[in-house]
Amino acid sequence: MRITNYKLRFILFLLVASSSLNACLQSSDCFRKDVFCAGLVTDTLGIEDHGVNQDAWLGLQASKTNKNVDQIAYIESVDTRDYEKNIAYFAEHGYDAIITIGVGLQDETRAAADHYKDSIFIGINQPQKETRPNLIPVTFAEDQMGFVAGVLAARVSQTRIVGAVCENSEIDSIWRTCEGFRAGVKFANNNVKPIVVYRDNGDREKLFLDEGWGRAAAQDVIRRGADVIFAAGGVTAQGALRAAVESQVRAIGAERDQAAALDESDAWVITSVYGDAQFEIQNVLQNLRGGNLGAQNPTQFKFLALSPKFPEELTPELNDLLIKLRSGEIKTNVRATKP
């Protein structure tokens, strides 16, 4: 019998979920006050996403090694409809901290925090307009990440035209990322033209999933002279990056290690910039174990300079830029929301 990728992933999900379920049913340790348990609920990209899900799990493993957590587990979400029940599973089995990944779980995480008062919820990449005593939103400096990508794009461009292909601009994190890119280009070289394209008129059902639009938008920007493409916005962005690779145009990814995610062996994806969830998870859990429940204000993010087509001479400049952005010596001047 032929097993499709979707069916195989679903089978793997059941194996993971059932093993976690058996472990918890065999032991009630998570309900003990002296045992600190933390569970991770991924978005639909799964635990091996080369990005925030994978980083968060590494952070949990490190936290256990450092004895800030006693028991850890994760559940991969196969479908968006799984989010609520996956979060509830950990809460109903006595987990002290429940980590959820991505803006797609924002509403479910907030609702769970209201319903399960005894658990602490940590929402990665989930800005919350309403506070909760047991909800810690962890967000990253998207404008700074985009800014770094913009500086790099301007530095490597030969045509003096660079492009950014981005999901809907009404999504604040996308807006900050891509306007940060625009600001970074201008900061690096005012003679380089940034073309920033948003998927503002697209099908809402394809939010973060419109690979075809991303590909077409990148192809159009490349035809207009861009020789570097930056992209942000899930699968939509991956469509743009694939178009850049096919056209042998340098590409810069966001949200995860896009070269690894795309299996891009020709190294046209020269780097990716995304939040350092591993660092932040360890920081938050250490604080929680020490009894410090407070809002986080992280600025840690990664910039991967792994591609052979990445100019090594730019590494010192970009590392210095990261330091100055984090200290506030350099500001992006990007608003928090679209005006």
Among side-chain atoms of [X] and [Y], is any donor-acceptor pair under 3.5 angstrom?
| X | Y | answer |
| --- | --- | --- |
| Asp227 | Ser157 | yes |
| Glu211 | Gln238 | no |
| Glu92 | Tyr116 | yes |
| Glu167 | Thr236 | yes |

A side-chain contact here means heavy atoms from C-beta on lying under 4.5 Å apart; do [X] and [Y] qualify?
| X | Y | value |
| --- | --- | --- |
| Val41 | Tyr74 | no |
| Leu288 | Ile122 | yes |
| Val197 | Ile195 | yes |
| Thr109 | Ile87 | yes |
| Val334 | Arg182 | no |
| Asp143 | Glu179 | no |
| Leu321 | Ile330 | yes |
| Ile124 | Thr100 | no |

_Ring centres under 6.0 Å, that's the criterion: do Phe147 and Phe187 meet it?_
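So the answer is yes for these two rings.
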Return yes when atom [atom1] of [X] has more than 12 non-hydrogen atoms of other residues, nucleotides or ligands closer than 6.0 Å, and no otherwise.
| X | atom1 | answer |
| --- | --- | --- |
| Lys338 | NZ | yes |
| Glu48 | CD | no |
| Glu205 | CD | no |
| Lys193 | NZ | no |
| Asn191 | CG | yes |
| Asn201 | CG | no |
| Glu84 | CD | no |

*Mind checking whether Val156 and Leu318 sit in one hydrophobic cluster, side chains of I, L, V, M, F, W, Y counted as touching below 4.5 Å?*
yes
*Can you check side-chain contact (heavy atoms from CB on, under 4.5 Å) on Ile120 and Asp96, steps first, answer last?*
CA-CA 6 Å; Ile120 303 298; Asp96 302 276; over 6 Å; no
Check: [X] side chain, [Y] main-chain N or O, donor-acceptor pair, under 3.5 Å:
| X | Y | answer |
| --- | --- | --- |
| Gln248 | Ala244 | no |
| Asp70 | Cys37 | no |
| Arg155 | Ala188 | yes |
| Asp200 | Ser169 | yes |
| Ser77 | Thr44 | no |

Write down the atom of [X], the atom of [Y], and the distance for their closest heavy-atom approach.
| X | Y | answer |
| --- | --- | --- |
| Ala277 | Val52 | CB-CG1, 3.8 Å |
| Gln126 | Pro137 | O-CB, 3.2 Å |
| Ala231 | Ala237 | CB-O, 3.5 Å |

*Tyr198 and Cys178: CA distance, side-chain angles, deciding distance, side-chain contact (heavy atoms from CB on, under 4.5 Å) verdict*: CA-CA 9 Å; Tyr198 290 99; Cys178 293; 3.3 Å; yes
*Are Ser63 and Gln282 close enough, and set up right, to give a side chain to side chain donor-acceptor pair (under 3.5 Å), and what steps lead you there?*
CA-CA 6 Å; Ser63 295; Gln282 292 181 72; 5.2 Å; no
*Are Arg110 and Asp114 within salt-bridge range, i.e. N to O under 4.0 Å?*
no
